[in-house]
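Written out below as structure tokens is the structure these notes cover.
Just so we're on the same page: letters track the sequence lines, and every chain starts at 1.
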Protein chains: 2
Amino acid sequence: MKKKYDPLGIKNLRKTKARKTIIAILSKDKDRAFSAEELHTACDADLQIDLSTVYRTMNTLTESGLVTKSMRDDGKAYFQLAEPQGSVHHHRIVCSRCKASADIAMCPLHNLEQQILSETGFLITSHSLELTGLCPDCKAEEERS
Amino acid sequence: MKKKYDPLGIKNLRKTKARKTIIAILSKDKDRAFSAEELHTACDADLQIDLSTVYRTMNTLTESGLVTKSMRDDGKAYFQLAEPQGSVHHHRIVCSRCKASADIAMCPLHNLEQQILSETGFLITSHSLELTGLCPDCKAEEERS
DNA sequence: TTACATGCAAATACTTTGCATATAA
DNA sequence: TTATATGCAAAGTATTTGCATGTAA
């Protein structure tokens, strides 16, 4: 039999309209993080879901580990589908000028964890790395001006 | 003549009571990031400074580059004295259990920037790295239980 | 049927803003 | 003196919560 992507089932969460809808939205663009407001608006297309329900849903999904939450300097929380276990850990670089993004194939931290453990005695359990820069196009633009 | 630490003068900002007080507070604990509320409370000891002034001051200091701002998952902004230029770039690891912290001597990103440029064409202009883990004490605790 | 999720409205929490006054330069 | 910073109160935005109702299991 064919395996299906069933995160709610796996986490023993009720399969409600709101949760399924939101997971569907996040799944369509796994590399992007959405604000609660964005999710709320996107839900509209499907069926109306209250903004408070969006927040409650995001809290549930975040606590269950299905979704990761990160705060940005604009003061809003952004949510993104968590990488399923076993997937390749990687990071993303975002262009500060045009917001284009690219994946970084590897993670510089993995090699460092052992070194940090011996230097500091700290055991690293998680990390977040945000890279900002200029994409090739914008780099060219900047050099021209 | 002796050089003095005079960030406000350097940045051509007026030397007001609020700014001097807040910089003094941040200077006493350069490795820690303070919420606006914490700064406001700490100011109390010296002289009353309005919370809105704290926020305005932090915006000014952040824009001038004297202070760095980062959002945490609790939804609050935290402010910390920026590393003066020329200081050694480094990162910090925080214990998720007791909040103890330690410095990481080096930055794993520097060595990687060239590699990322050739792999992706992106020029890295900045990065933020947050490490979370267990300090030696808490690691021992966890293993015991 | 029953525990849990949702909608709606009201409440909170953090941060910003308008305006009159105070202060640094 | 004059532009800029501050205090105070009010407003704004993001997020949470209480409660009656709806719904998945």
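- Going from atom CE of A:Met71 over to atom P of C:dT15 covers 9 Å, rounded to whole Å.
- For the atom pair NE2 of B:His40 and CZ of B:Phe34, the computed distance is 15.5 Å after rounding to the nearest 0.5 Å.
- The existence of a salt bridge linking B:Lys69 and B:Glu63 is excluded, since no basic side-chain nitrogen approaches an acidic carboxylate oxygen closer than 4.0 Å.
- A:Ile23 places its CD1 atom 13 Å from the P atom of C:dA5, with the value rounded to the nearest Å.
- When the P atom of C:dA5 is taken as reference, atom CG of A:Leu8 falls 11 Å away, rounded to whole Å.
- A pairwise comparison of heavy atoms in A:Ala36 and A:Leu51 identifies O-CD1, 4.0 Å as the closest pair.
- The two residues A:Asp50 and A:Ser52 make their nearest non-hydrogen contact at OD2-OG, 2.7 Å.
- Residue A:Tyr55 has a polar side-chain atom (N or O) positioned under 4.0 Å from OP1 or OP2 of D:dT15.
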What does the list of N/O pairs under 3.5 Å between the protein and nucleotides 3-7 of chain D look like, with a distance for each?
{"unit_1": "D:dA3", "atom_1": "N3", "unit_2": "B:Arg14", "atom_2": "NH2", "d": "3.0"}
{"unit_1": "D:dT4", "atom_1": "O4'", "unit_2": "B:Arg14", "atom_2": "NH1", "d": "3.4"}
{"unit_1": "D:dT4", "atom_1": "O4'", "unit_2": "B:Arg14", "atom_2": "NH2", "d": "3.0"}
{"unit_1": "D:dT4", "atom_1": "O2", "unit_2": "B:Arg14", "atom_2": "NH1", "d": "3.2"}
{"unit_1": "D:dA5", "atom_1": "OP1", "unit_2": "B:Arg19", "atom_2": "NH1", "d": "3.2"}
{"unit_1": "D:dA5", "atom_1": "OP1", "unit_2": "B:Arg19", "atom_2": "NH2", "d": "2.8"}
{"unit_1": "D:dA5", "atom_1": "O5'", "unit_2": "B:Arg19", "atom_2": "NH2", "d": "3.3"}
{"unit_1": "D:dT6", "atom_1": "OP1", "unit_2": "B:Thr16", "atom_2": "OG1", "d": "2.8"}
{"unit_1": "D:dG7", "atom_1": "OP1", "unit_2": "B:Gln48", "atom_2": "O", "d": "3.3"}
{"unit_1": "D:dG7", "atom_1": "OP2", "unit_2": "B:Asp50", "atom_2": "N", "d": "3.0"}
{"unit_1": "D:dG7", "atom_1": "OP2", "unit_2": "B:Thr53", "atom_2": "OG1", "d": "2.6"}
{"unit_1": "D:dG7", "atom_1": "N7", "unit_2": "B:Arg56", "atom_2": "NH2", "d": "3.1"}
{"unit_1": "D:dG7", "atom_1": "O6", "unit_2": "B:Arg56", "atom_2": "NH2", "d": "2.9"}

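- Atom OH in B:Tyr78 sits roughly 11 Å away from atom C1' in C:dC14 (whole-Å rounding).
- Separating the CG atom of B:Asp73 from the P atom of C:dA13 is a distance of 19 Å, rounded to the nearest angstrom.
- Here CD of B:Glu37 is found 7.0 Å from OH of B:Tyr55. Values are rounded to the nearest 0.5 Å.
- Rounded to an integer number of Å, the gap from B:Met58 CE to C:dT15 P is 11 Å.
- Using a 4.0 Å cut-off, some side-chain N or O of A:Lys76 falls inside it from OP1 or OP2 of D:dA14.
- Here C:dA13 presents its C1' atom at 17 Å from CZ of B:Arg72, a figure rounded to the nearest Å.
- In this structure, SG in A:Cys138 is found 11.5 Å from CG in B:Leu123, a value given to the nearest 0.5 Å.
- Atom CD of A:Glu37 is separated from atom C1' of D:dT13 by 10 Å (rounded to the nearest Å).
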